[in-house]
J.: 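Questions regarding the structure given below will be posed in turn.
Side-chain atoms are counted along with the backbone in the values below, which use heavy atoms only and exclude waters and symmetry mates. Proteins get letters first, then strands, A, B, ... in listed order; numbering begins at 1 in each.
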Amino acid sequence: MRLSKSFGKTLREKPSEAEVPSHSLMIRAGLICKLAAGIYSYMPFAWRSIKKIKDIMGEEMNAIGGQELCMPVVNPADIWIESGRWYEIGPEMARFKDRSGRDMCLAMTHEEAVTDLARHFIDSYKQLPSVVYHIQTKFRDEPRCRGGLIRVREFIMKDAYSFHVDEGDLRSYYPYMCQAYERICKRCGVPVVKVLSDVGMMGGDIAHEFTYVTDSGEDTIILCDQCGYAANRDVAKFDKTATTQEPDGEGKESLSSPEEVHTPSKNTIESVCDYLGVSPTTSLKTMVYFAQDREDPVLVVIRGDLDVNERKLANLLNAAEVRRALPDELKSYGLIQGFLSPMGDHGLYVVADDSVLTSRTYVAGANKPDYHMIGVVPGRDFKIDVTADIAAARANDPCAVCGAPLTVKKGIEVGNTFMLGTRYSETMGAYFQSEKGTLEPIVMGCYGMGVGRLLACVVEENHDEHGIIWPITVAPYQVHLLNLGTSEKVIDTTDKVYTALLQNGIEVLYDDRDESAGVKFNDADLLGMPVRITISNRSLESGGAEVKLRRESDTHICGIDELVEKIKEILEREAHRYVAD
RNA sequence: CGGGCUGUGGCGCAGUUUGGUAGCGCGCUUGAAUGGGGUUCAAGAGGUCGCAGGUUCAAAUCCUGUCAGCCCGACCA
């Protein structure tokens, strides 16, 4: 490709809308162009990379038995009504009516469509297991797009679906998919961590995310450097007993009933504990939440030093989401903000984090302005309807597995894998006849990976202050060829080199523009092709062409005659860096 | 959906406080010089100042509304 003819151009300045490096670079390099919030065109260079990423995904999917097919972007409402998600999912699903008034939607994912295929074509256990995948555009009307391709509304996704006779077969297949995911990321030059994750709107049992760790990310993951435990914060477990101090030795545990104490204006955990001289670990924090589908709020009790993770709480309550009650709402239930208490005859459902069982007695609110209770014993002094883990893990909390301090990192979720089970096959009637002759629901797994998001991660991981540093496996072109000066000899030689490289199947971007050296070098750095070849009077006098790797700073001269062979060698060596084990 | 902010040639911005009929840099066009890290000079093209209403002799500037976008939060496989 001659740069003088290529569609699109580079920008010198950082676009004002871009915050994260990949976003800024992708716009500056002319890789993407926004049409509307979260809706982008992929420009020619980006599209070449996208194709390579898709190829890598395809190869890895094929290698574990996947068959590629393609399912529609537009779905009829019927199948989503069958699965129950037509009503479960909110405004993030784009819906419309066709000309005859039938409800339709843009698919956000394809469990429904693939389950429809399964019930059409899978009749017998003899057809199982089976795996299909497709790489398709999806639309989710996200409330907030950000970071260029990191979070968008229209996006390309590779999703795979596996069908099994039973849970055991799914479990034995699942690791292959996880391994394929790790291989894909490795081959694209993006390091990922496999973390336990929430099942979210997919439903099902076990799920993992493959997360690229970066400060530009929006997911919070909890990692144990010691034993390797890794989980999304929404499901991360940690050891709550280890942080607990013994109940303070003031004999309060001997109180046969709680006692009221005056705590003027002490309406936060910190101020109360300071005032009373106790540790927050022996206090109770009470919060009021509204959960979807529940008329009355629930009282949530957690140890004072901990915070509630709303995802965990929502899952426990079987609600799509929960929200904190507003001050006015508290009043209408007779609750006093700042002095909330699980005690009393409020009649509300009480959810307790299991941390409240780690100590004997606690300080709690008195549900009365400026008063708290001491010597409160959970269970004795207030009822608990359900106890579960609803606490958010934090940095330095002890690992639930090995006790080492946990670390918290930000990351981008590149892909995820779910053991769906029979959630869709049962609701949509995808059954097969077993060896015994019985009718059984197909056990399913689903596995998604964002193509554009992975591309953004590639750039996020592989760049410097000058521009992108493409891994050879996904680079739009392998070689960036440029000439300097207008001498006929230089131009002729470069043209010949260009032709020779092309004839040898090498992908070359040829900067044939009449631009100054600075412009050409800067664009080469910004565009970031792995190998740069410079031909100028100076290089010819030194014996040929100058060759430089984008990721290295040193250059060397290579004779024109040996150039093609030399480049082939380099490309092979570079490719070797991205081979998955 | 809350909080903060921004809309002015293709891109990045100034001008808005104190109303007087639009400017800078980059990019683009033409010509010349230069030719190893965004080089230099000259001449050009390009904007109903997001949109709608209002105040005024006069609005990019003041007022009201509205739309779009960005950031933080909520939300989200």
J.: Within the sub-3.5 Å range, which N or O atoms of nucleotides 23-25 of chain B have a protein N or O partner, and how far apart are they?
T.:
residue, atom, partner, partner atom, Å
B:rG25, N2, A:Glu13, OE2, 2.9

J.: Measuring from the side chain of A:Lys9 (C-beta onward, heavy atoms only), which nucleotide among B:rG36, B:rG27, B:rG35 has the closest atom?
T.: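 The nucleotide sitting nearest to the side chain is B:rG27.
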
J.: Listed in order of residue number, which residues of residues 513-520 of chain A have a non-hydrogen atom at under 4.0 Å from RNA chain B?
T.: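 Here the set is A:Asp514, A:Glu515, A:Ser516, A:Ala517, A:Gly518, A:Val519.
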
J.: What is the separation between atom CZ on A:Phe521 and atom P on B:rU39, rounded to the nearest whole Å?
T.: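 Rounding to the nearest Å, CZ of A:Phe521 and P of B:rU39 are 14 Å apart.
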
J.: Residues two or more places apart in sequence or in another chain: which of them pass side chain to side chain donor-acceptor pair (under 3.5 Å) with A:Asp296?
T.: A:Tyr333

J.: With a non-hydrogen cut-off below 4.0 angstrom, is A:Asn537 in contact with a base, only sugar-phosphate, or nothing?
T.: nothing

J.: Could you tell me whether the side chain of A:Arg146 has a donor or acceptor atom within less than 3.5 Å of a complementary atom in the base of B:rG69?
T.: no

J.: Under 4.0 Å, heavy atoms only, any strand: does A:Phe155 hit a base, just the sugar-phosphate, or nothing?
T.: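 Counting heavy atoms under 4.0 Å across all strands, the contact made by A:Phe155 includes a base.
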
J.: Taking any heavy-atom pair under 4.0 Å as a contact, classify A:Ser16: base, sugar-phosphate, or nothing.
T.: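 The answer is sugar-phosphate, as A:Ser16 gets under 4.0 Å only of primed atoms, P, OP1 or OP2.
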
J.: Round to the nearest Å and state the distance from A:Leu35 atom CG to B:rG69 atom P.
T.: 11 Å

J.: Can you measure A:Glu218 atom CD to B:rG73 atom C1' for me and round it to whole angstrom units?
T.: 13 Å

J.: Could you tell me how far apart A:Leu3 (CG) and B:rG38 (P) are, to the nearest whole angstrom?
T.: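 That distance rounds to 18 Å.
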
J.: Taking the side chain as every heavy atom from C-beta outward, state whether A:Tyr289 and A:Arg324 have any pair of such atoms under 4.5 Å apart.
T.: yes

J.: Within the 3.5 Å criterion, strictly below it, is a donor on A:Asn232 or A:Glu209 matched to an acceptor on the partner's side chain?
T.: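 Distance-only check passes for A:Asn232 and A:Glu209.
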
J.: Just to confirm, is there a sub-4.0 Å distance from OP1 or OP2 of B:rG27 to any side-chain nitrogen or oxygen of A:Arg12?
T.: yes

